[in-house]
Protein chains: 2
Amino acid sequence: MTGSPARDAASDAPSDAAGRVWTGMRTLVLERHDRRRQVTEATGLSFVRVKALRRIAAGPLSMRELAARLSTDKPYTTLVVDDLERRGLIERTIHPADRRQRMLAVTPEGLRIAQIARGILDDPPEILRDLPRADLAALDRVITALVEAEHPAE
Amino acid sequence: MTGSPARDAASDAPSDAAGRVWTGMRTLVLERHDRRRQVTEATGLSFVRVKALRRIAAGPLSMRELAARLSTDKPYTTLVVDDLERRGLIERTIHPADRRQRMLAVTPEGLRIAQIARGILDDPPEILRDLPRADLAALDRVITALVEAEHPAE
DNA sequence: TACAATCATTATGGTTGTACAACCAATTGA
DNA sequence: TCAATTGGTTGTACAACCATAATGATTGTA
């Protein structure tokens with residue numbers, strides 16, 4: 001994959017629209033409205049644990065699948081899941097068809113915590129909500145299509 | 001919030017446009033196109049160090065300011081800056097008007113590394129570049145305005 | 001001059017994240 | 001049946017991160 005044409009690495013702003021959009025999105029998500037700290041404080045969990053919990057809350061899955069989703073290795077996944085289980089937020093059960101696999105599922109308490117995290121993370125910044133209807137609709141149409149296009153199955 | 005049973009913890013999409021846009025942006029930036037690993041491999045620096053280096057490359061600043069920008073404390077900032085200095089990527093100089101302060105500035109080599117990081121982080125994903133011109137222009141207009149509105153001074 | 005306040009560093013300790021090797025249990029298939 | 005494979009755990013080691021307290025140097029000020 002050949003990237004974009006020659007780009008001036010020294011200039012401060014990207015010269016093309018795609019670059020501006022990308023950098024803008026990263027600025028908003030990573031700098032202006034990063035809620036990691038809030039979430040770890042509200043849940044008492046480290047951020048990977050929150051990600052793991054949310055993933056499990058979205059539907060049962062195996063250790064292997066969870067490790068892939070967190071893009072980490074299996075041993076560390078075991079560590080994280082051990083902790084979540086110790087706290088009573090998830091449960092391990094043996095996969096009925098393959099006794100090697102552990103299926104992970106949230107407990108009611110785990111679901112509660114996951115929803116707290118969701119409330120914080122997915123809460124759109126005011127400035128987005130205050131956008132003119134037409135602008136918001138435009139963003140919605142294009143961005144939703146982008147997400148969908150990359151992962152049609154999900 | 002309707003609380004319908006279909007509203008399943010972390011899985012489904014928010015019902016309003018702002019929520020969909022926000023979650024979509026987060027998905028693209030944090031899940032689909034996270035380049036932390038690439039950057040740390042390409043630069044040989046941990047990610048906070050990359051952030052610190054980029055911040056210094058954007059213009060000289062003091063330890064206190066850098067700590068605030070990285071939203072961390074001063075002692076840890078000292079640690080990070082020590083490492084960058086040891087690698088010859090930045091230089092500490094005493095502030096001419098206030099000898100307590102250290103002003104941080106990149107070296108030529110530091111600038112080179114910062115540009116490598118920038119090339120990776122700010123390179124927009126293909127799917128964004130391949131967007132129809134009108135869609136891209138719409139995103140550009142709205143998102144650039146958003147970023148600008150939040151930080152008019154910068 | 002004495003005092004408090006500010007900027008940065010040193011020292012220390014703990015948690016979290018990441019990687020790798022070795023291992024056990026269950027499954028698959030020659 | 002037995003070797004290879006897969007899913008997961010244990011053990012170990014280290015790097016990265018983050019906080020708190022104490023210290024030194026400099027500045028501004030009563």
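Numbers restart at 1 for each chain; the letters A, B, ... are given by sequence-line order, proteins then strands. All heavy atoms count here, side chains included; hydrogens, waters and symmetry mates do not.
Looking at heavy-atom distances under 4.0 Å, B:Ser46 makes contact with sugar-phosphate atoms alone, never a base. Among the atoms of the strands shown, only primed sugar atoms or phosphate atoms (P, OP1, OP2) are found under 4.0 Å from some heavy atom of A:Ser62. Residue contacts shown for B:Asp73 include a base, since a base heavy atom lies under 4.0 Å away.
Distance, B:Tyr76 OH to C:dT9 P: 15 Å, rounded to whole Å. Nucleotide C:dC24 holds its C1' atom 15 Å from the CG atom of A:Asp98, rounded to whole Å. The NE2 atom of B:His95 sits 11 Å away from the P atom of D:dG28 (whole-angstrom rounding). In this structure, CZ of B:Arg100 is placed 17 Å from P of D:dG24, rounded to the nearest angstrom. Protein atom CG of B:Leu79 is 12 Å distant from nucleotide atom C1' of C:dT12, rounded to whole Å. One atom, NZ of B:Lys74, and another, C1' of C:dA5, lie 11 Å apart when rounded to the nearest Å. Atoms CZ (A:Arg99) and C1' (D:dG8) sit 14 Å apart, rounded to a whole Å. What separates CG of A:Leu66 from P of D:dT9 is a distance of 11 Å, to the nearest Å.
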key: Stepwise salt bridge (charged side-chain N to carboxylate O under 4.0 Å, His left out) check, A:Arg55 with B:Glu31   = CA-CA 12 Å; A:Arg55 194 47 84 181; B:Glu31 288 180 39; 3.4 Å; yes
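When all heavy atoms of A:Ala52 and A:Leu84 are compared, the closest pair comes out as CB-CD1, 4.0 Å.
Not one side-chain nitrogen or oxygen of B:Arg36 sits closer than 4.0 Å to the OP1 or OP2 atom of C:dG17. OP1 or OP2 of C:dT9 lies within a sub-4.0 Å distance of a side-chain N or O belonging to B:Arg92.
With 3.5 Å as the limit, one finds a donor-acceptor pair spanning the side chains of B:Glu150 and A:His33. Remark: the A:Ser46 side chain and the A:Arg49 side chain contain an N/O donor-acceptor pair separated by less than 3.5 Å.
When each of A:Gln101 and A:Asp82 is assigned the nucleotide of DNA chain D with its nearest heavy atom, A:Gln101 is the one assigned upstream, toward the 5' end. Between A:Ala97 and A:Val48, the residue whose closest nucleotide on DNA chain C is further toward the 5' end is A:Val48.
Listed nucleotides: D:dT9, C:dT16, C:dT9. Nearest to the side chain of A:Arg49: C:dT16.
To the nearest 0.5 Å, atom CD1 of residue B:Ile113 and atom CZ of residue B:Arg87 are 9.5 Å apart.
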